[in-house]
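To start, the structure under review is shown below, and the notes come after it.
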Amino acid sequence: MPEEADCPPAKRFRPGAGPPSRARPCPPGRRVVMLLNAGGSGGGRRQQPALAHPSTSPYPEAVEQQRRSLPIFQARGQLLAQLRNLDSAILIGETGSGKTTQIQYLYEGGIGRQAVIAVTQPRRVAAISLATRVSDEKRTELGKLVGYTVRFDDVTSDNTKIKFLTDGMLLREAISDSLLRKYSCVILDEAHERTIHTDVLFGVVKAAQRRRKELGKLPLKVIVMSATMDVDLFSQYFNGAPVLYLEGRQHPIQIFYTKQPQQDYLHAALVSVFQIHQEAPCSQDILVFLTGQEEIEAMSRTCRDIAKHLPDGCPSMLVLPLYASLPYAQQLRVFQGAPKGCRKVIIATNIAETSITITGIKYVVDTGMVKAKKYNPDSGLEVLAVQRVSKTQAWQRTGRAGREDSGVCYRLYTEDEFEKFDKMTVPEIQRCNLASVMLQLLAMRVPDVLTFDFMSKPSPEHIQAAIAQLELLGALDRKDDQLTLTPMGRKMAAFPLEPRFAKAILLSPTFHCTEEMLTIVSLLSVDSVLYSPPSRRDEVQSARKKFMASEGDHVTLLNIYRAFRNTGGNKDWCKENFVNSKNMMLVAEVRAQLRDICLKMSMPILSSRGDTERIRRCLAHSLFMNSAELQPDGSYATTDTHQPVAIHPSSALFHCKPACVVYTELLFTNKCYMRDLCVVDAEWLYEAAPDFFRRKMKAARN
DNA sequence: GAGCACTGC
């Protein structure tokens, strides 16, 4: 395809609007405080990335000097004066403002010393690296003054005053103490990402703040930190809390749009990469945003092929795919420098938008597309689909080109198209099943979950669907229109699991299969432990055959886990059997955690000793909402809504035609596929939820 | 008779 490289895409581009730091005006009509800016946006001054920096420095002076060089340092006095007297504040800081690590000023300034200052992060790695960095700056041992808490890892002590934790972790703490009594101050960082946990926390901290005031307890200070200027919603929600702006040190980025809409974004991306490759010095790396593994692998192969046949004098090219399910060792390759005279081209999913920061990127190629979950509240189904990014997301991608120096972003869409993008990504809370969220709120004894004060309210149908699901699982009690948890519901909330999986574990003693259900549920709650490189299909299939169970995928997975344990977690065994050892280790960790919770509840932990019927009965009693039956024509339809479904080709039951199955989830692609199936008796389903099936049969008859 | 974006407890 050499002719593609001959067509210079730059001719189709024209300069567009500047980077966000220039384009954003200050929102009017609110109490706004501009804090002093030290560096000036777009200044050529050297910037140290706040996160990606190694945590230990042999030179304390260097640490201190670097800390002083951050823009926030100059604003320190003003910032403290403001925060000291406020109950709530919104702190906006651009990338590089140093707002997260320097929140230690609060502590230094004597704010929140009465108790612990909590700083939440959407991701584990961020919580850990920030805690490490700040404790280093304070020259203390990690886990003493400064610590962190994430799942499976708690590095805090009684002396810990500044605690970094994942948003999900703080939410879990709120279940046992909804007033968050341990904390004097809660800082919700990266609020613009609007993770489901942060969104629930907005409501939880707001309620805790009000309630503590009413009870005359230690006030709770709430600080919402965000990278975007679009903060009206945040400020309004927290009763008109003032917005404090901190200017950052993002470097200028030149943006180009296409003149015409692109029908084929993959082709456009390919052309752009080679255009840049032929024109720019080879030390400048390229980051391309695509939507998924398949696309990325195909594009990587094409790039390598073309790069082989470029004219003399053209630098060579190192093409690196990057997506979450890529084995860890291969992910790490993106951080290594390319050999001399060679350009690094990273082809990534949106993992490179936030989770992974790569230094040295000069060029970003943004296709404007993303694969994301959409929720249909009518059908209650989640669909994974390729769609347009939001403006916020596009800016985030663009910003990846200006981390160390000025950069360039090629947007493979027109400026008009960009203007029509959604302003913000729809918050996760409006895109997924709310059963877990509702269970957690009920466990916190929120007075009325149906009218809970969400910042962006999910639709009433959406909330009702979750309530209905919890009711079917036996988690809810209705008394005089008041919803409360049953003892079963309360126990379910103790597990870090989807309610139906918690139910499966809690039911397992009845069926004498707790050992097995702990394993199965752990396997289902992490990413797939099976690794299937398409190029080695036959080998994969013959390796899998050994573990295949005629009862279905749950029992097959159980067989694989047992084999893994019998080899003592051997890595070579994993390789031979196409098992992802990293995920398998995680399964073992999850299982240990779940088992601990069972023991604390004094649950007997019994094994079915090879009797798979017990396991299948237990699954029928917890997954009855997801069941399907064989139709006379050989196809399948779901039991409740008679939706046509099919067995996923990856299933152990792909070539079988069982009369009745339960499944873990539906996956929409070309068809509606059931994933992770288990053969059950139709009678068991009826036993599990007679009312549910009676209602459904009645509805079907009418 | 096909194919899973990304987090997190």
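Values below: all heavy atoms of this structure, side chains included; hydrogens, waters and symmetry mates excluded. These numbers come from a predicted model, not from an experiment.
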Would you mind classifying the nucleic acid contact of [X] as base, sugar-phosphate or nothing, using non-hydrogen atoms under 4.0 angstrom?
X        : value
A:Glu297 : nothing
A:Val150 : sugar-phosphate
A:Gln593 : nothing
A:Ile196 : nothing
A:Phe654 : base
A:Ile351 : sugar-phosphate
A:Thr349 : sugar-phosphate

From C-beta outward on [X], which listed nucleotide comes closest to its side chain: [options]?
X        : options             : value
A:Arg124 : B:dG1, B:dG8, B:dT7 : B:dG8
A:Lys671 : B:dC6, B:dC9, B:dG1 : B:dG1
A:Tyr323 : B:dC9, B:dC6, B:dA2 : B:dC6

In this structure, how many angstroms lie between the C1' atom of B:dC6 and the CD atom of A:Gln396, rounded?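 In whole Å, B:dC6 C1' lies 13 Å from A:Gln396 CD.
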In whole angstrom, give the distance that lies between atom CG of A:Asp167 and atom P of B:dC6.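 In whole Å, B:dC6 P and A:Asp167 CG are 18 Å from each other.
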Suppose the criterion is salt bridge (Lys or Arg N to Asp or Glu O under 4.0 Å): which pairs have a residue in residues 170-181 of chain A, not counting sequence neighbours?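 Matches after skipping sequence neighbours: A:Lys163-A:Glu173, A:Glu173-A:Lys182, A:Asp177-A:Arg181.
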Are A:Ile346 and A:Val288 close enough that some pair of their side-chain heavy atoms sits under 4.5 Å apart?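 Not touching, per the 4.5 Å side-chain cut-off.
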So, using side-chain hydrogen bond (donor to acceptor under 3.5 Å, both in side chains) as the criterion, who are the partners of [X] when residues are at least two apart?
X        : result
A:Arg595 : none
A:Thr149 : A:Asp154
A:Gln440 : none

Is the phosphate of B:dC6, meaning OP1 or OP2, less than 4.0 Å from a side-chain N or O of A:Arg123?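 For B:dC6, OP1/OP2 do not have a side-chain N/O of A:Arg123 under 4.0 Å.
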Quick check on B:dC9: is either OP1 or OP2 less than 4.0 Å from any side-chain nitrogen or oxygen of A:Thr166?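 A:Thr166 to B:dC9 OP1/OP2: side-chain N or O found under 4.0 Å.
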Contacting residues from residues 628-635 of chain A, given that a heavy atom lies under 4.0 angstrom of DNA chain B: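 Result for residues 628-635 of chain A: none.
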Name all pairs fulfilling the side chain to side chain donor-acceptor pair (under 3.5 Å) condition that reach into residues 647-662 of chain A, sequence neighbours left out, sorted by first residue then second.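 Of all non-adjacent pairs touching residues 647-662 of chain A, those that pass side chain to side chain donor-acceptor pair (under 3.5 Å) are A:Asp553-A:Ser651, A:His648-A:Ser650.
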Lys/Arg cation over aromatic A:Phe578: A:Arg544, 6.0 Å, 45° cone: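 Geometry flag: not set, cation outside 6.0 Å or 45°.
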